[in-house]
Amino acid sequence: MIYVGIDVAKDKHDCCILGSDGEILFSPFTIQNTLQGFDELYEKIWSLTKDLHEIKVGLEATGHYHLNLLRSLLDNGLASYVINPLHTNLFRKGQSLRKTKTDKVDAASIAMMLLTDRTLKPYSDTSYHNEELKSLTRYRFDKVQERAKLKTSVSRLVSILFPELEKLVPTLHTATVYALLSEFPGASFVAAAHLTRLKHLLCEASKGHYGRDEAILIRDAAISSVGTVMSAKSMELKHTIHLIEVLSEEINEIETAINSIMNTLESPITTIPGIKNRMGAMILAEIGDFSRFENADQILAYAGLSPSTYQSGQLTSSYAHMEKRGSRYLRYALFNATIYVCNWDPVFNSYLAKKRAEGKHYYVAISHACKKLVRVIYRMQLTGEPYRAA
């Protein structure tokens, strides 16, 4: 066997190739992140063996910089192992007491990990294609977060320009209110508006739910409003609403692409009450190939949902906090999915009530239910069976 360790960077990659006994077959060398650089790597590998079963290649999951090299490795049929940087960091520190970290040392450490760690699982081609779904779900997550910040800005601006409006509508963040504020960004604008125009705008935006009575109510509130007249804030409000509407269109487009992929996957995860395409897609995308995990507890550790442990001598910590390592997106998706599942599924609802009856805080009880949910999802994904309540 030959073991190829690659430390990934933006413009170049440092490589080291070891033999079965840990002997150095090629001293650490550097290749450029180009097609010629990849060919140089393969030339060295093929000079040692042409048998694909005799080759293992390891590289760190370094943001997005490893994806092009990984795609090339998979296309060439090489068994590739994508390793968590935290894992390689701890392994390197365990090899020596010296505080030494260079790219070439990292490449040698990765190659040595492949040689000694039999628990590593190869990265499948399915996992690579899963990156598209991961990209979409993370992109949507970031867009939703960005939109949420803008909605907070809208609430702030309305409290300055037309504070009475919030008490007249169920929520500020509806198409009707946005249409109103886009044309009349402040109480002074609404107060000066013609009643017929105001009624027509509200009726059209609300699809008939708001009529003349609501228009009069809003205009009267605007006339007696304490809202500040400030053109700069009004402009900011109009622009913020426009950005929210643009983001909403983009999010809808992203969700359409996510739904298309989920329809092809036909995953049983969406048969769990409370989990639909959006949350299910994020869970599937972040976990990837379920077969690379030997049990559900490994997925919990991967998500950073395992309790931390501290014991030294006779001291054992009685407060076990979540590790919160690994994918924050997966942790977010699992935790929020659990809340919905506990609301919709009687089995999980009873389990949550049981934990609450034991005196556990709500979020602690949810974390227990989350572990139960992960075990259910793990079994369903491996067997392909839909969810059946016990």
Side-chain angles (χ1 to χ4, degrees), residues 1-10 12-26 28-31 33 37-38 40-42 44-46 48-95 101 103-132 134 285-295 297-299 301-304 325-327 330:
M1 293 290 296
I2 69 167
Y3 303 91
V4 184
I6 305 175
D7 184 74
V8 176
K10 180 180 179 181
K12 53 93 177 178
H13 310 307
D14 290 281
C15 312
C16 179
I17 303 179
L18 303 180
S20 298
D21 298 323
E23 71 277 15
I24 298 177
L25 301 179
F26 277 101
F29 58 94
T30 302
I31 63 170
N33 187 26
F38 293 176
E40 180 185 344
L41 172 63
Y42 297 136
K44 285 181 168 62
I45 293 174
W46 302 142
L48 296 170
T49 179
K50 291 289 198 302
D51 187 355
L52 296 177
H53 299 290
E54 292 292 313
I55 306 168
K56 288 185 177 181
V57 183
L59 61 163
E60 281 185 339
T62 312
H64 59 276
Y65 295 125
H66 70 287
L67 293 178
N68 292 336
L69 177 58
L70 177 61
R71 177 70 268 169
S72 178
L73 292 169
L74 294 174
D75 286 342
N76 280 275
L78 297 174
S80 304
Y81 296 74
V82 179
I83 307 171
N84 190 316
L86 178 64
H87 196 177
T88 58
N89 186 41
L90 294 174
F91 181 85
R92 186 189 70 253
K93 289 180 178 179
Q95 295 296 106
K101 187 199 181 302
D103 294 339
K104 289 181 169 57
V105 168
D106 286 348
S109 296
I110 293 170
M112 187 59 68
M113 281 185 70
L114 292 176
L115 174 62
T116 58
D117 193 342
R118 302 302 178 188
T119 64
L120 295 175
K121 302 289 185 181
Y123 197 87
S124 67
D125 197 61
T126 303
S127 297
Y128 183 87
H129 289 300
N130 199 61
E131 289 292 338
E132 183 175 4
K134 182 188 290 187
E286 294 299 324
I287 295 176
D289 186 0
F290 279 75
S291 63
R292 65 193 176 104
F293 298 96
E294 293 182 1
N295 51 56
D297 288 341
Q298 289 186 355
I299 296 179
Y302 179 70
R325 292 176 172 176
S327 170
L330 177 58

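Bear in mind the structure is a predicted one, so any value in this text is a computation, not a measurement.
E294 contributes atom CD, which lies 11.5 Å from atom CD1 of I299 (distance to the nearest 0.5 angstrom). Between the CG atom in L48 and the CD1 atom in I2 there is a gap of 5.0 Å [rounded to 0.5 Å]. The distance from the CG atom of D106 to the SG atom of C16 is 11.0 Å, given to the nearest 0.5 Å. Rounding to the nearest 0.5 Å places OG of S80 at 10.0 Å from CG of D75. In this structure, I45 CD1 and E40 CD are separated by 11.0 Å, a value rounded to the nearest 0.5 Å.
A side-chain N or O of N33 and one of H13 form a donor-acceptor pair less than 3.5 Å apart. Side chains of D51 and T49: no donor on one and acceptor on the other come within 3.5 Å.
With sequence neighbours excluded, the residues that form a side chain to side chain donor-acceptor pair (under 3.5 Å) with T30 are D14, K104.
Between the side chain of D289 and the main chain of S291, a donor-acceptor pair closer than 3.5 Å is present.
The minimum heavy-atom distance between L114 and G58, with the atom names listed, is CD1-N, 3.2 Å. Closest approach of C15 and L41 over heavy atoms only: SG-CD1, 4.1 Å. In this structure, K44 and F26 approach most closely via the heavy-atom pair O-CE1, 3.5 Å. V82 and E60 get closest at one heavy-atom pair: CG1-C, 4.5 Å. Of all heavy-atom pairs spanning G77 and L52, the tightest one is O-CD1, 3.7 Å. A pairwise comparison of heavy atoms in E54 and M1 identifies OE1-N, 3.1 Å as the closest pair.
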| Yes or no on side-chain contact (heavy atoms from CB on, under 4.5 Å) for Y3 and T116, after CA distance, side-chain angles and deciding distance? | CA-CA 10 Å; Y3 303 91; T116 58; over 6 Å; no

| request: Decide yes or no on side-chain contact (heavy atoms from CB on, under 4.5 Å) for I110 and L59, but give the supporting numbers first. | output: CA-CA 7 Å; I110 293 170; L59 61 163; 5.7 Å; no

| request: Show the numbers, then the answer: is there a side-chain contact (heavy atoms from CB on, under 4.5 Å) between F293 and I287? | output: CA-CA 9 Å; F293 298 96; I287 295 176; 3.7 Å; yes

| task | Decide yes or no on side-chain contact (heavy atoms from CB on, under 4.5 Å) for N68 and L70, but give the supporting numbers first. | result | CA-CA 5 Å; N68 292 336; L70 177 61; over 6 Å; no

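Looking only at side-chain heavy atoms (C-beta outward), L18 and L25 stay at 4.5 Å or farther from each other. No side-chain heavy atom of M113 sits less than 4.5 Å from a side-chain heavy atom of L115.
The aromatic rings of F38 and Y42 sit perpendicular to each other, their planes meeting at more than 60°, with 30° as the lower class boundary.
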